[in-house]
2 protein chains.
Amino acid sequence: MSQVTRRRTGPSKGDLREAAILEAARALFSERPYESVTIDDLASGAGISRTSFYFYFPTKTAVLTALMTSVGHDLAAGHVWFDADGPARDLLRTQLETSATLWRANAGILSCAATAMATSEELRDFVGRVRRRYDERAAEKIRRDQAGGTATTAIPAHRLAEMISAIRDARYEQLAGATDAELREAVDDLTEAIHRLIYGRA
Amino acid sequence: MSQVTRRRTGPSKGDLREAAILEAARALFSERPYESVTIDDLASGAGISRTSFYFYFPTKTAVLTALMTSVGHDLAAGHVWFDADGPARDLLRTQLETSATLWRANAGILSCAATAMATSEELRDFVGRVRRRYDERAAEKIRRDQAGGTATTAIPAHRLAEMISAIRDARYEQLAGATDAELREAVDDLTEAIHRLIYGRA
DNA sequence: GACAAAAATCGACACAGTGTCGATAGCGTA
DNA sequence: TACGCTATCGACACTGTGTCGATTTTTGTC
């Protein structure tokens, strides 16, 4: 519920412990399903007792949220397509390739996050915000192309953006442990599909 | 883990209790989030003690799976588009309208199922099977249209089918408590999107 | 280097939810 | 009536989460 921790604001030696918890969490959530990781695992993975864990994080999902923040930050980088004009198929492909690679690299954490979203409002809100921001930018790009006459107007721009997110995420979820060839295939399919959806003709 | 219950196979007076549990579950899962419903709630909702619950169902998710079986059965009904030849936009629309209406009517249960899938392998498998069967039929229809030259061959049929499921489910998930107008809007968008994806031109 | 305040640690405890076991009560029928 | 099957439930054990307060360690300052 409340986000309040008792930690002071300045840097300290105990920050090492916080980092250790995050490191342990990254390792554990990458390997095992979310529910199977207990707070005790996280604590002893960082070399502290379970109760000491609560000094650093209020809940298990708070740790996951922290990890997700960094992943989300990385994802927000390669948004090259959004700034282009028109279909710009090559840029769309590049953007999808970057995000697909990043997704595969963090597959375990992202899968845990998907699980935890079911129970944690905090995480649900966080991911929702990230996604909304992404969809917003995609919708803006589409709106520009609708005005330019290249994109379809049969479907509202924000709905098209949501659809893109839906097919992208669904395909990416299968990406854990995928080969480079499989990853490329996914990117190809998505590029084609998004392109048809927005710029194709009925 | 094991599906074994101690119940005998034939009909009996205690079946009333099983029905009562299912009824209570339908009511509770329709109103409240999945985790907030305890086995005790289910049991006392059916007028029995918590331990007696275990005589009828091994776990909470088993009850949800039972409810989902009936919903899945209903959904499998209106698959009119799959048997058509070519784009058949009106049949696609009809099929989407049926499933959207059904989805909205069972929004609570479906949302609980989505939550529970995160933890229950049983439910995950069940829903996975239903979805796979659906996608399979969609892929067959698309394959026929690819052979007939109306559907695109730029993306494998089974991938197109998966994409359809992805955008459909994503949109339907927003359908809880939607007005008839909103529902129709969703169906319109989806009809258009699916049509473009499969039969449109690049 | 001593010392007070703040940071950090942890054991003991309370709690909620799940699941098991065995004792018992009802019920149908040979 | 007596046997076996259905059904019920209280008592118990277990796991994971979260809180409290007492204690130790660190840190900055004089």
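To find a chain, count down the sequence lines: A is the first, B the second, and so on, and within it residues start at 1. Small disclaimer: the values here were computed from a predicted structure and weren't measured.
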[X] with [Y]: basic N within carboxylate O range, under 4.0 Å:
| X | Y | result |
| --- | --- | --- |
| A/D180 | A/R104 | yes |
| A/R131 | A/D169 | yes |
| B/R144 | B/E140 | no |

Integer-rounded Å distance: [N] [atom2] and [X] [atom1]:
| X | N | atom1 | atom2 | result |
| --- | --- | --- | --- | --- |
| A/R50 | D/dG16 | CZ | P | 10 Å |
| A/K60 | D/dT15 | NZ | P | 16 Å |
| B/F55 | D/dT8 | CZ | C1' | 9 Å |
| A/I21 | C/dT9 | CD1 | P | 8 Å |
| A/I48 | C/dC10 | CD1 | C1' | 11 Å |
| A/E18 | C/dA7 | CD | P | 14 Å |
| A/F57 | D/dG18 | CZ | P | 14 Å |
| B/R17 | D/dC9 | CZ | C1' | 13 Å |

Interface with DNA chain D, restricted to residues 23-39 of chain B and to heavy atoms under 4.0 Å: none

Judged by atom type as modelled, is there a donor-acceptor pair below 3.5 Å linking the side chain of [X] to the main-chain atoms of [Y]?
| X | Y | value |
| --- | --- | --- |
| B/S99 | B/L96 | yes |
| A/S36 | A/P33 | yes |
| A/Q146 | A/T152 | yes |

Within the pair [X] and [N], is there a side-chain N or O less than 4.0 Å away from OP1 or OP2?
| X | N | result |
| --- | --- | --- |
| A/S52 | C/dA8 | no |
| A/S49 | C/dC10 | yes |
| B/Y56 | D/dT8 | yes |

Considering residues at least two apart in sequence or located in another chain, which fulfil the side-chain contact (heavy atoms from CB on, under 4.5 Å) criterion with A/A24? none

